[in-house]
Amino acid sequence: MAISEMTFSDRRLRAVDLQTAVAGFSPAFAPADSSLAPAAFLTFVNGLDSLNTEVGTLSGQYTTGVNERTPMVADIQGRALRIHSYVKSNAAWKAFLPTVRSYVDKIRGNTPRPPKPPVPGEGPGSPPAKKRNKGELGFGDVEDNFEKLIAALGSIPGYAPPATDLTIANLTTLATTFAAKNLTMSTLGNTLGMKQRARVEAYNGPSGLRVQMKAIKEAVRAQYGNDSA
């Protein structure tokens, strides 16, 4: 488990310990703010557990998607180089070579770093501003230039490579699959980011765990005094 996930889990467990303690007080703990009462606080803490689970699940799905997409980029880049060699091998296609080379160079020269799921700040206070996801932009560039390359091949008379994986039909299938994966990853990344921000708010926000735990301790001190057991 990532350190950040352990941090959120540890903080929730400390809240569980606090809730268990105040629930056993006699006379019964009766804070002025009813949301701090043992039953209400337990409901809140259980909600944190659900948020932790949801974020962990989405993060795992995102990592899996990244691992699935990486070989797809390598496949596209490998085929692009072979396409360039095939077009270059026919002198009759010399006029088409500069356009093909331009797209191939862009595809092979763009090696996007696999993006990591966004991790909001762990400490008290507001989460950092969301940064632009340059990793997704890189994959989008590969997608765009690959589609343009396929379109360019369609204008070459007699383009019929003996290698079936270089045919326009098979290249189009790969482009469609890659575009679908990019869309899935973009959607998943946005969903994960929103859920992470919601969790940060639940822990560090104005009504979050940090504030509630401090308020419970103040209410305990007020009701029972500093010297009570």
Original post:
Should L18 and V45 count as side-chain neighbours, where that means a heavy-atom distance under 4.5 Å?
Top reply: no
Original post:
Quick one: side-chain hydrogen bond (donor to acceptor under 3.5 Å, both in side chains) partners of T167, sequence neighbours excluded?
Top reply: N170
Original post:
Less than 4.5 Å apart, any side-chain heavy atom of Y159 and any of F96?
Top reply: no
Subject >> Of all pairs that satisfy side chain to side chain donor-acceptor pair (under 3.5 Å), the ones with a partner from residues 13-36, not counting sequence neighbours >> reply: D33-S35
Original post:
Taking it one step at a time, do N204 and R11 satisfy side chain to side chain donor-acceptor pair (under 3.5 Å)?
Top reply: CA-CA 11 Å; N204 299 335; R11 291 176 66 185; 2.8 Å; yes
**OP:** To the nearest 0.5 angstrom, please state how far the CG atom of L166 sits from the CG atom of L171.
**Re:** 6.0 Å
Subject >> Sub-4.5 Å side-chain heavy-atom contact between M185 and F139 >> reply: no
**OP:** Walk me through it: do R69 and F178 pass the test side chain to side chain contact (heavy atoms under 4.5 Å, CB included)?
**Re:** CA-CA 8 Å; R69 187 166 55 174; F178 185 63; 3.8 Å; yes
Original post:
Out of curiosity, Q196 CD to S59 OG, how far, rounded to the nearest 0.5 Å?
Top reply: 6.5 Å
Original post:
Can you tell if the side chain of V220 reaches within under 4.5 Å of the side chain of F25, non-hydrogen atoms only?
Top reply: yes
Original post:
Hey, are the side chains of I156 and V100 touching, using non-hydrogen atoms and a 4.5 Å cut-off?
Top reply: yes
Original post:
Which residues satisfy the ring pair (Phe, Tyr, Trp, His ring centres under 6.0 Å) test with Y203, sequence neighbours excluded?
Top reply: F8
Original post:
Between S186 and N182, is there a donor-acceptor pair closer than 3.5 Å when you use the side chain of the first and the backbone of the second?
Top reply: no
Original post:
How about D141 and K106: do any of their side-chain heavy atoms sit closer than 4.5 Å?
Top reply: no
**OP:** Go through the steps for Q77 and L81 under the test side chain to side chain contact (heavy atoms under 4.5 Å, CB included), then give the verdict.
**Re:** CA-CA 6 Å; Q77 292 177 330; L81 181 61; over 6 Å; no
**OP:** For Q212, enumerate each residue passing the side chain to side chain contact (heavy atoms under 4.5 Å, CB included) test, keeping only those at least two apart in sequence or located in another chain.
**Re:** L36, F41, F44
Original post:
When clusters are formed by joining ILVMFWY residues with side-chain heavy atoms under 4.5 Å apart, either directly or through shared neighbours, do L42 and L51 land in the same one?
Top reply: no
Original post:
So which pairs with a foot in residues 180-196 pass salt bridge (Lys or Arg N to Asp or Glu O under 4.0 Å), sequence neighbours left out?
Top reply: E54-K195, E68-K181
**OP:** Can you see which heavy atom on P157 is nearest to which on S155, and at what distance?
**Re:** CD-O, 3.3 Å
Original post:
Looking just at side-chain N and O atoms, do N46 and R12 make a donor-acceptor pair shorter than 3.5 Å?
Top reply: no
Original post:
Is any side-chain heavy atom of M213 less than 4.5 Å from a side-chain heavy atom of L209?
Top reply: yes
Original post:
Does any pair with a residue in residues 81-101 pass side chain to side chain donor-acceptor pair (under 3.5 Å), and if so which ones, sequence neighbours excluded?
Top reply: R82-D165
Original post:
Taking the side chain as C-beta and beyond, is there a heavy-atom pair between P206 and E201 under 4.5 Å?
Top reply: yes
